[in-house]
There are 2 protein chains.
Amino acid sequence: MEQINILTQNGLKVTKPRVTILNILEHVNKPLTAEEIYLKLQKIDKSINLSTVYRVLEVFIKNQIITKPFIKDDNKASFIINHHEHKHFLICSKCQKMVEIGECPFKTFEKSLEKETNFTITNHRFELFGICPNCK
Amino acid sequence: MEQINILTQNGLKVTKPRVTILNILEHVNKPLTAEEIYLKLQKIDKSINLSTVYRVLEVFIKNQIITKPFIKDDNKASFIINHHEHKHFLICSKCQKMVEIGECPFKTFEKSLEKETNFTITNHRFELFGICPNCK
DNA sequence: AGTTTAATGCAAATGATTTGCATTTACATT
DNA sequence: AATGTAAATGCAAATCATTTGCATTAAACT
């Protein structure tokens, strides 16, 4: 199973919570909150604890298996599998529906900004908000 | 005083907490957390309460006097005066220093994305992260 | 299989933000 | 200028996402 490879490659023990969470995130492939992950987990294995979810997410972030792209206005953080692509989302302010944006237009922008500010730029966040066709 | 105009223009009662918070945000002109605002307030008037800070910020957001541009990884939200400019920041991951980015390169990008997705785009967030010259 | 060390479950703690309620204050009206 | 009223505030307690301490369990090495 691919999930197991990712774990062993990162020197992480292969445990049920880790495999299952990774599996969920792989298949969903869009940002989920810790609680959303927890609810999906509950359908698979009732015994997995919410604090385990947080701890697993923490380890995954450290190992760059996932990223925490943003914290929404409701104060909940989101987590998404890290395919080392630059992904950005357009989020409906009413129904929270997310649509992926095809292209990330910042590569060249970052380069010129590094020269200008003398920062070393490691990362960026970009999200768009609007009203989706259904909610209009 | 300009702060009073902004309040009355928005049909808001002119109170000391509101005037003072607005004054702070006007002069700082960069994102502050509720607690940072509270600490600055304490130096001016010990009696103003943290929950009042939150309530004032909430009203200001509703009236679009300020915006809540992002929530940092430490789960603290930031608030900035809304001059209806598109402002974005480059944030040092070590010292949290913020540098304003001169230009917002998304206007045309948003237009084409609206056609593509059929969303009505109302807003966006963009932050860059890196290491500042001092921290390197 | 046995040993070791890290991962987990559970319950309690934490910390940012929110809320209920009694009191105070802004401001419209007299 | 004094008064009435609804909205704003201070204070304490509640809430909610996230984190942590600790006893137990389980992965993976020998």
Side-chain angles (χ1 to χ4, degrees), chain A residues 1 3-22 24 31-42 44-63 65-79 96, chain B residues 1 3-22 24 31-42 44-63 65-79 96:
Chain A
M1 220 198 275
Q3 283 79 35
I4 294 176
N5 289 335
I6 294 174
L7 293 173
T8 50
Q9 279 160 26
N10 283 278
L12 298 174
K13 282 190 187 167
V14 177
T15 67
K16 190 163 186 185
R18 286 175 178 177
V19 173
T20 318
I21 290 171
L22 198 46
I24 288 169
L32 293 181
T33 64
E35 194 162 15
E36 286 167 342
I37 293 166
Y38 176 67
L39 291 177
K40 283 178 188 294
L41 273 176
Q42 289 293 82
I44 299 163
D45 182 349
K46 279 264 182 192
S47 75
I48 296 174
N49 198 273
L50 182 57
S51 66
T52 302
V53 174
Y54 278 105
R55 278 191 277 228
V56 168
L57 292 172
E58 193 187 1
V59 175
F60 284 1
I61 286 175
K62 263 192 199 127
N63 287 271
I65 297 168
I66 64 172
T67 65
K68 183 173 160 181
F70 50 80
I71 301 177
K72 289 185 288 184
D73 269 1
D74 60 4
N75 299 321
K76 291 179 187 172
S78 293
F79 303 88
Q96 304 295 314
Chain B
M1 219 198 278
Q3 283 79 35
I4 294 175
N5 289 337
I6 293 174
L7 293 174
T8 48
Q9 277 160 25
N10 284 278
L12 299 174
K13 281 190 187 169
V14 176
T15 66
K16 190 162 189 188
R18 287 174 177 178
V19 173
T20 317
I21 291 171
L22 198 47
I24 288 170
L32 293 181
T33 64
E35 192 160 18
E36 285 168 341
I37 293 167
Y38 177 66
L39 291 176
K40 283 178 188 294
L41 272 176
Q42 288 295 81
I44 299 163
D45 182 348
K46 281 265 183 191
S47 76
I48 295 175
N49 197 273
L50 181 57
S51 65
T52 304
V53 174
Y54 279 104
R55 277 191 276 228
V56 169
L57 292 173
E58 192 187 0
V59 175
F60 283 2
I61 286 175
K62 261 193 202 127
N63 286 273
I65 296 168
I66 64 174
T67 65
K68 184 173 161 182
F70 51 81
I71 301 178
K72 290 186 286 185
D73 269 1
D74 61 4
N75 299 320
K76 290 179 187 172
S78 293
F79 303 87
Q96 303 294 316

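We name chains A, B, ... by the order of the sequence lines, and we start the count at 1 in each one.
At least one side-chain heavy atom of A:Leu22 sits under 4.5 Å from a side-chain heavy atom of A:Ile6. The shortest side-chain heavy-atom distance between A:Leu41 and A:Thr52 does not fall under the 4.5 Å cut-off. In this structure, B:Asn75 and A:Asn75 have side chains that are not in contact, with every pair of non-hydrogen atoms separated by 4.5 Å or more. Annotation: side chain of B:Leu7 is in contact with side chain of B:Phe60 (closest heavy-atom distance under 4.5 Å). Residues B:Asp74 and B:Thr33 have side chains not in contact (no heavy-atom distance under 4.5 Å, counting atoms from C-beta outward). Between A:Ile24 and A:Ile44 the shortest side-chain heavy-atom distance falls below 4.5 Å.
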Pairs under 3.5 Å (N/O, protein and nucleotides 22-30 of chain C):
{"residue": "C:dC27", "atom": "OP1", "partner": "B:Val14", "partner atom": "N", "Å": "2.9"}

Any protein N or O atoms within reach of nucleotides 13-18 of chain C? Criterion: under 3.5 Å, listing atom names and distances.
{"residue": "C:dA16", "atom": "OP1", "partner": "B:Lys76", "partner atom": "NZ", "Å": "3.4"}
{"residue": "C:dT17", "atom": "OP1", "partner": "B:Ala77", "partner atom": "N", "Å": "3.0"}
{"residue": "C:dT17", "atom": "OP2", "partner": "B:Tyr54", "partner atom": "OH", "Å": "2.1"}
{"residue": "C:dT17", "atom": "O5'", "partner": "B:Tyr54", "partner atom": "OH", "Å": "3.0"}

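Note: CZ (B:Phe60) to C1' (D:dT9) measures 14 Å, nearest angstrom. Between B:Arg55 atom CZ and D:dA14 atom C1' there is a gap of 13 Å when expressed in whole angstrom units. Atom pair A:Asp45:CG and D:dA26:P shows a separation of 11 Å (rounding to whole Å applied). Rounded to whole Å, the distance from NZ on A:Lys72 to C1' on D:dT18 is 16 Å. Straight-line distance from the OH atom of A:Tyr38 to the P atom of D:dT19: 16 Å, rounded to whole Å. Put simply, CG on A:Asn63 is 14 Å from C1' on C:dA6, counting in whole angstrom units. At whole-Å resolution of the value, NZ in A:Lys46 and P in C:dC10 are 12 Å apart. What separates CG of A:Leu39 from P of D:dA17 is a distance of 11 Å, to the nearest Å.
Between B:Gln42 atom CD and B:Ile37 atom CD1 the span is 13.0 Å, to the nearest 0.5 Å.
Across the interface with DNA chain D, nearest-nucleotide mapping of B:Asp73 and B:Asn49 shows B:Asn49 to be the residue nearer the 5′ end.
The residue A:Arg18 sits close only to the backbone: its heavy atoms come under 4.0 Å of sugar-phosphate atoms, none of a base.
When every heavy atom of A:Ala34 is checked against every heavy atom of A:Leu57, the shortest pair comes out as CB-CD1, 4.0 Å. Contact detail for B:Val53 and B:Tyr38: the closest heavy-atom pair is CG2-CD1, 4.1 Å.
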